[in-house]
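Along the sequence shown, residues carry numbers from 1. Because the structure is a prediction, the values reported are computed rather than measured. Counting convention: from 1, in listed order, for ligands and their atoms alike.
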Amino acid sequence: MDTFISSLILSCSVTATLFYGWRILNWLWFTPRNMEKRLRQQGFRGNPYRFFYGDLRESSMTRKEARSKPMVFSHDIVPRVIPSFHKALQNYGENCFVWFGPKPAVLVLVPEIIREIMSKNYVFQKPGSPFTRLLAGGLASLERDEWAKHRRLINPAFHAEKLKHMVPAFHLSCGEMLSKWDEIVGSNEGCREVDVWPYLQTMTSDVISRTAFGGSYEQARKMSELQKEQAKHIMEAHRSVRIPGYRFLPTRFNRRMKETKSEIESILLGMIKERLKAMEEETYSNDLLGVLLESNFKENGNNGLGMSVEEVIEECKLFYFAGHESTASLLVWTMILLSKHGDWQARARQEVLQAFGTAKPSFQELNHLKIVSMILHEAMRLYPPVAVLARTHHEECKLGTVSLPAGVQLVLPAILLHRDPRIWGHDATEFKPERFSEGVEKAVQGQAAYFPFGWGPRICIGQKFAMLEAKIAMAMILQRFSFRLSSSYSHAPHPVITLQPQYGAHLMLTKTIEFQK
Ligand code: HEM
């Protein structure tokens, strides 16, 4: 009997080892080799697959080298921001792929194909990563019907009617930042150097704290610090090969990520409980959390199919994560560009002073800021806060004339499409806001070649919020200060999820005549 049990255990172990061994070998060798063969047959070119790492080691070295020093000031930033893709394009031409570990990622540079990928969101899904979900799950990482349900429930929070109520929070947060700059510059005609980048980050983070969580501002600020820390961890994790199950190992890094996640969630849970209690007494608020809970409450009342508290927590984390760094990125590159292009800065200031004088920018009048809008679009064209989008598909699919095996990643590089001379002309890498003088559609002639906020059904839900915030902030900054680059400014666009200035944004600020005391 003993011998029978021993041989049964032995044969089970052998079978399990063979089964999992085969699956691992398949994942790390046969599937990538098969995908490579299929891609090459379709005319794609790239490095041959290297076991386990693919191009990761080489990409890491290329990235380190590209970002080891600042660059000469120019808008030709592709080699610094996406060095691995840049290298692949140089070596292999437009039909190229790069290995993310055992997965090939194909670059998509044709606007019609980009439109097709972005509009068929049930077929082409976000690649997703368990690490990213530690930062924020919710809408951005949901798919298909779950995504559609959440999008429908969250949409009301971003209606123009609701955004109107958020304008005072924008004024307040931006006003606080400007008061700090006022103190540094002093009350005379003097000129002082300020690294505006951390101030803009704090300002956009405060805006989300106030507009999303209203009364719970202090707790929200604490959460923002934790989210920042988590974002850094995520970037580190993304740069290494993803070994299935690795995130469950109790390494120091994994433990810290999980602790941060729990801390964030407990703060949010506290805020949500307070709100739910207030709602029982029919007290509703107009901040994002309030509107979201109200919309969810109605859905629960109608069919009981609203979101759970855990799902609401994920959506709040996402507002935070998606909402502030991207807008700070837009603002900082706009300020840097206007520092370099004093003529456009002067034109924008004149427009703002004509519309508002020295008064706070009002919601209704913001639509009249045509020059400021053109400048913001041109800033996002040259320095898209989200430089690259990605999609994947779980079944074999046809795209244009090629058919792609399941599991290939599709890289949609906004940063490349935004400076393609076939679309934007020979001066594509120059700062020329006049491109947008007749609107975005006209500038791209209807092509999917400009997508700082994404495209199609999954387009950024916070787009109007972000543009409103950016216009108010730029108007208030222009009213109060003129600025130029400091000699200590180093040009170094650097993607940390969003496109950031690696060494800050050192500008020389002077108070405008209107604000000199
Ligand atoms: C200048 C500022 C912003 C930029 C450039 C930006 C950019 C983007 C992009 C490119 C996407 C699509 C990603 C993809 O398709 O893979 C996206 C999605 C999203 N953004 Fe933004 N965003 C900005 C501001 C905001 C703000 C202020 C919020 C919220 C307060 C927000 C919330 C979201 C959410 C929830 C999604 C996911 C939408 C979905 O999957 O249905 N974003 N954003």
Exercise. For residues His418 and Phe451, establish whether the separation of their ring centroids is below 6.0 Å.
Key: yes
Test the Lys180-Tyr199 pair against the cation-pi criterion, namely NZ or CZ under 6.0 angstrom from the six-membered ring centroid and within 45° of the ring axis. no
Counting heavy atoms under 4.0 Å, the part of Met118 that contacts ligand 1 is neither
**Report entry** Trace of the side-chain hydrogen bond (donor to acceptor under 3.5 Å, both in side chains) decision for Arg80 with Gln502
**Finding:** CA-CA 11 Å; Arg80 195 173 204 284; Gln502 190 173 350; 2.7 Å; yes
Q. Can we say Glu434 and Arg347 salt-bridge, meaning some charged N sits less than 4.0 Å from an Asp/Glu carboxylate O?
A. no
Handout entry: Ion pair check, Glu294 and Arg275, cut-off under 4.0 Å
Key = no
Under 4.0 Å from one or more heavy atoms of Arg151, ligand 1 contributes atoms 38 (C), 39 (C), 41 (O)
Taking N or O atoms only and a 3.5 Å limit, does Trp147 qualify as a polar contact for ligand 1? yes
Considering only NZ, NE, NH1 and NH2 on the basic side and carboxylate oxygens on the acidic side, decide whether Lys370 and Glu351 come within less than 4.0 Å.
no
Near Pro385 (heavy-atom distance under 4.0 Å), the atoms of ligand 1 are 5 (C)
ask   = In terms of side-chain geometry, is the basic nitrogen of Arg152 or Glu299 positioned less than 4.0 Å from the acidic oxygen of its partner?
value = yes
Note: Phe465, heavy atoms under 4.0 Å from ligand 1, region reported as side chain
Contact region, Phe451 to ligand 1, non-hydrogen atoms below 4.0 Å, reads neither
Honestly, for Leu389 the part within reach of ligand 1 (heavy atoms, under 4.0 Å) is side chain
Closest to atom 26 (C) of ligand 1 among protein heavy atoms sits Gly323 CA, 3.5 Å
Ligand 1 to Phe158, heavy atom cutoff 4.0 Å, flagged ligand atoms 29 (C), 30 (C)
salt_bridge(Glu161, Lys164) N-O dist < 4.0 Å:
yes
Under 4.0 Å between heavy atoms, the region of Arg391 that gets near ligand 1 turns out to be side chain
For Tyr383 and His75, test the side chains for any donor-to-acceptor distance below 3.5 angstrom and give the result as yes or no.
-> yes
min-distance protein heavy atom vs atom 11 (C) of ligand 1 -> Phe453 O, 3.8 Å
Min over Ala387, Ala470, Cys460 of heavy-atom distance to atom 31 (C) of ligand 1 lands on Cys460
At under 4.0 Å between heavy atoms, what of Gln463 touches ligand 1? The answer is neither
Per-atom filter on ligand 1: closer than 4.0 angstrom to a heavy atom of Lys126 are 13 (C), 14 (C), 15 (O), 16 (O), 40 (O)
If you scan protein heavy atoms around atom 32 (C) of ligand 1, the nearest is Ala322 CB, 3.5 Å
for atom 5 (C) of ligand 1, nearest protein heavy atom and its distance come out as Pro452 O, 3.5 Å
With heavy atoms and a 4.0 Å threshold, my read on which part of Leu318 contacts ligand 1 is side chain
Are Phe436 and Tyr450 close enough that their ring centers fall under 6.0 Å? yes
heavy-atom search around atom 36 (C) of ligand 1 in the protein gives Ile461 N, 4.3 Å
Using only atom types and a distance under 3.5 Å, with no angle test, would you say the side chain of Ser373 pairs donor to acceptor with the backbone of Leu369? yes
Logged contact type for Ser326 with ligand 1, heavy-atom cut-off 4.0 Å, is both
For Phe363 together with Phe170, are the ring centres under 6.0 Å from each other? no
